[in-house]
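Chain letters run A, B, ... following the sequence lines, proteins first, then strands; residues in each count from 1.
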Amino acid sequence: MAAKFSTALDIHCSIPYTSDTKSSRLAIRRFTILCNNSTSKSPKNVNLDIDSPRKQTPSLSEQLKPLTNTILDDPPNQPRILSKPKSTWVNPTRPKPSVLSLERQKRSSYTYIPQIRDLKNFARRLSECHFSNDAFLAVLEDIPHPPTRNNALLVLNSLRPWQKSILFFNWIKTQNLFPLETIFYNVVMKSLRFGRQFELIEELAFEMIDSGVELDNITYSTIITCAKRCNLFDKAVEWFERMYKTGLMPDEVTYSAVLDVYAQLGKVEEVMSLYERGRSSGWTPDPVAFAVLAKVFGAAGDYDGIRFVLQEMKSLEVQPNLVVYNTLLEAMGKAGKPGLARSLFEEMVDSGLSPDAKTLTALIKIYGKARWARDALDLWERMKLNGWPMDFILYNTLLSMCADLGLEEEAETLFDDMRKSDHCRLDSWSYTAMLNIYGSVGNAEKAMALFEEMSKVGIPVNVMGCTCLVQCFGRAKRIDDLVKVFEVSVQRGVKPDDRLCGCLLSVVSYCKGDDADKVLACLQQANPRLVTFVKMLEDESTSYEIVKEEFRSILTNTSDDARRPFCNCLIDICRNRNRAERAHELLYLGTVYGLYPGLHTKTPEEWRLNVRALSVGAAQTAFEEWMRTLARIVQSEEEQLPEVLSANTGAGTHKFSQGLANAFASHVEKLAAPFKQSEEKAGFFIATREDVVSWVQSKAAAAV
DNA sequence: CTAGGGTTAG
């Protein structure tokens, strides 16, 4: 009997598909406000006054602030509007606010240089020479043509890494042959960006300001993206604001760079605000901007936001490119919409675009997490048939998908292909995916062989691999192997996390005597408080108050996604150690602490107990609790039962986790409760009101 | 990396 929740499989494989669209509501509401309020709400706050460059314009954050206040004043249930935004700027005394220039900055035209070959070779020598000043100067002696403006620019453009770019730049400066225009700074900055040298970039920028060299949109976007890559987001915003203050309008490249800054910070509100103000300035965003929008909604798992992006592109007649599709597909996955991802992919292929490895990685991952075996395998076939591009991440994603779907043979074939392949190597991801499969199917022999192979080829086991192995050996009751693998992993640097502890705890729940003690000894190293708590639960004399306090404190120190597994395991432990009432206490506490949202749902026609996220023991406990409640209601006649009562265990779409429905069925039978497994709805147990009422009455009669 | 923006893995 496999405890559904407590398998490492469930711990690892359940993607936190979130249906929470709070952020989108906010974003869309914000969007609505932005569409409507420009006529009524004080426009001075949104207006970037460019007509008087001497007057300092308010900074971006100052401008955002009043908008934030506006949204807080908004009635909470305003309907969402996803229509094409219309500019409604009608205040004649003020100009239409403009936040970006609709013209991209022009780039200087390319000048042909006949001695390009010589200079490129020279640049390569500079790039390859020693980093010391002397070595560099020695090569400089051999410059094949005089360092005119264009020659110097060409060399500078071909130089890497950044240290060399700086050396050459400084050398040109000392030569004093021509003024250093903006483009020279821009080229050096780009090189510095590759080296993530934000401080040096900023130094150069100040040098430009001091010496009166103009900073243009290319300069700013380079500074901003460098700050972004160095995770200096406040710096990125600071430079964006600085450009307004100097009277320079960002063009769409700089603008979408900043959109992405907010996107990476997860600030949906700010992204939407900037986007909307760009739109009302007459901007038609290009695919890059839409990719940024898609990313921000994807990160928030926000389906409404994704729909908004699609609709915007449609109404503005912007054709998505491959990157936009890839980002949208990824976003669909995060929003838990595998079906829509599938149709979006077909739309993409129909439009004539060919998927790349990233596209396929996103889709395969989505199908795997959704347990859509048919679609995953069909796509895999199509990939092979069409010769669509693969890379090592896609290979590993296919392996993980096999783990999600329990495709042991397919995974082994792929694993061997990868082993033989020249263009991809087995790495820790590949091995971990295989360990996940063997852990799921309970193939302890192969799991052990793989573990030994890993140490032989020098690929360290990570915490997830260790968890899979613990699960595998626990299920196989090979407790000595479990202990060995745990000890070795910890010695080699694996830091046990809450998932691993949950897995150990689940093994404890179905082990007895010595075996349980051995596993508890492992758990003792990883989480001693949990072991103490298990002992408290077993001890009859522990009071409810103490259990409650200690449990709360343990949960507080447990990561979110491991809390329910912990509670499930602890309930199982109580039931398997003859502490049934304590199991009821823990279930009650778990419910109070919000670990089982929606456990019981009511409509006028039907009351339902949802035990899909519960372990076998927890599901049994919940069912008993429910029966007690129903009996009390029937006897006290305080409330009318609905026509239908049902319990949902889930059908166990996962190949290896179909144990819950069976265990539940036998528990129902043991209690002689009148619930029947539904023929047409898999995973449902159903009783009518009459059944329950007469069952309660006959039990009451028997008790007299 | 040929002066600037966006996308892949428990």
Side-chain angles (χ1 to χ4, degrees), chain A residues 8-9 11-15 104-108 110 113 116 119-120 123 153-162 165 181-191 193-195 216-226 228 250-261 263-264 285-296 298 320-331 333 355-365 368-369 389-401 403-404 427-430 432-433 435-436 462-465 467-468 497 499 561:
Chain A
L9 240 169
I11 294 173
H12 290 299
C13 298
S14 58
I15 193 168
R104 272 202 205 191
Q105 178 173 326
K106 301 239 177 355
R107 296 156 69 119
S108 54
Y110 178 75
I113 299 166
I116 181 162
L119 289 166
K120 283 222 159 187
L153 194 52
L154 188 114
V155 171
L156 197 56
N157 248 322
S158 326
L159 266 184
R160 69 213 52 166
W162 61 271
S165 308
E181 309 148 42
T182 305
I183 188 170
F184 282 85
Y185 282 92
N186 289 349
V187 173
V188 180
M189 281 187 181
K190 184 178 176 188
S191 178
R193 195 186 57 178
F194 278 112
D216 61 14
N217 258 289
I218 297 176
T219 321
Y220 280 108
S221 58
T222 310
I223 297 171
I224 288 165
T225 52
C226 179
K228 188 168 66 184
D251 65 10
E252 72 174 331
V253 175
T254 314
Y255 204 73
S256 44
V258 171
L259 273 186
D260 189 58
V261 169
Q264 285 200 37
D286 67 355
V288 176
F290 283 118
V292 173
L293 281 196
K295 182 169 74 175
V296 77
N321 63 14
L322 187 57
V323 176
V324 173
Y325 273 116
N326 288 352
T327 313
L328 282 166
L329 285 171
E330 181 116 337
D356 65 4
K358 287 175 183 168
T359 322
L360 300 166
T361 299
L363 264 186
I364 287 290
K365 183 180 159 193
K369 296 298 170 209
M390 304 273 289
D391 63 8
F392 75 103
I393 294 182
L394 180 50
Y395 274 111
N396 282 339
T397 306
L398 284 166
L399 277 181
S400 303
M401 178 271 286
D404 287 336
D427 65 4
S428 78
W429 288 81
S430 332
T432 307
L435 287 178
N436 192 4
N462 58 29
V463 66
M464 178 180 169
T467 306
C468 295
D497 60 6
R499 291 178 174 198
D561 51 359

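For the pair A:K228 and B:dG5, the criterion of a side-chain N or O lying under 4.0 Å from OP1 or OP2 is not met. Taking only side-chain nitrogens and oxygens, A:K295 comes nearer than 4.0 Å to OP1 or OP2 of B:dT7.
Residue A:D286 places a side-chain atom within donor-acceptor reach of the base of B:dG5, judged by atom type and a 3.5 Å distance cut-off alone. Residue-to-nucleotide contacts include a donor-acceptor pair under 3.5 Å from the side chain of A:N326 to the base of B:dT7. Between the base of B:dG4 and the side chain of A:T222 there is no donor-acceptor pair shorter than 3.5 Å. Between the side chain of A:K120 and the base of B:dT2 there is at least one donor-acceptor pair of N/O atoms closer than 3.5 Å. On a pure distance criterion of 3.5 Å, no polar donor-acceptor pair joins the side chain of A:R104 and the base of B:dG4. A:T327 contributes no side-chain N or O that forms a donor-acceptor pair with the base of B:dT7 under 3.5 Å. Side-chain N/O atoms of A:S256 and base N/O atoms of B:dG6 include no donor-acceptor pair closer than 3.5 Å. Applying the 3.5 Å distance criterion, the base of B:dT8 shares a donor-acceptor pair with the side chain of A:D391. A donor N or O paired with an acceptor N or O is not found under 3.5 Å between the base of B:dG4 and the side-chain atoms of A:D216.
Whole-Å rounding puts the A:E330 CD to B:dG6 P distance at 16 Å. One atom, NZ of A:K358, and another, C1' of B:dT8, lie 6 Å apart when rounded to the nearest Å. Straight-line distance from the CG atom of A:L363 to the P atom of B:dA9: 14 Å, rounded to whole Å. Look at CG on A:N186: it is 15 Å from P on B:dT2, rounded to the nearest Å. In this structure, A:L259 places its CG atom 12 Å from P of B:dT7, rounding to the nearest Å. Protein atom CG of A:N462 is 12 Å distant from nucleotide atom C1' of B:dA9, rounded to whole Å. Distance, A:L329 CG to B:dT8 P: 12 Å, rounded to whole Å. Regarding A:I183, its CD1 atom lies at a distance of 10 Å from the C1' atom of B:dT2, rounded to whole Å.
In this structure a side-chain-to-backbone donor-acceptor pair under 3.5 Å is missing from A:N326 to A:L329. Judged purely by atom type and a 3.5 angstrom limit, A:D251 uses its side chain to pair as donor or acceptor with the backbone of A:T254. Using a distance-only test at 3.5 Å, with no hydrogens or angles considered, no donor-acceptor pair links the side chain of A:S191 to the main chain of A:V187. In this structure, the side chain of A:D286 engages the main chain of A:A289 through a donor-acceptor pair within 3.5 Å.
Closest approach of A:V324 and A:P320 over heavy atoms only: CG1-CB, 3.8 Å.
Considering only side-chain atoms of A:R107, the nucleotide from B:dA3, B:dG5, B:dA9 that sits closest is B:dA3. In this structure, of B:dT2, B:dG5, B:dA9, it is B:dT2 that holds the atom nearest to the side chain of A:N157. In this structure, of B:dG5, B:dG4, B:dG6, it is B:dG5 that holds the atom nearest to the side chain of A:T225.
Heavy atoms of A:V323 sit under 4.0 angstrom from at least one base atom. The residue A:Y255 sits apart from the nucleic acid: no heavy atom pair falls under 4.0 Å. If you check every strand for non-hydrogen atoms under 4.0 Å, A:D260 touches sugar and phosphate atoms only. Within 4.0 Å of A:T219, counting heavy atoms only, lies no atom of the nucleic acid at all. If you check every strand for non-hydrogen atoms under 4.0 Å, A:S108 touches a base. Within 4.0 Å (heavy atoms only), A:D427 reaches at least one base atom of the nucleic acid. Contacts of A:V324 with the nucleic acid, taken as non-hydrogen atoms under 4.0 Å apart, include base atoms.
Taking atom P on both nucleotides, B:dT2 is separated from B:dG6 by 14 Å, rounded to a whole Å.
A:Q264 is listed as a side-chain neighbour of A:K295, based on a closest heavy-atom distance under 4.5 Å.
A salt bridge links A:D561 to A:R499: at least one charged side-chain nitrogen sits closer than 4.0 Å to a carboxylate oxygen.
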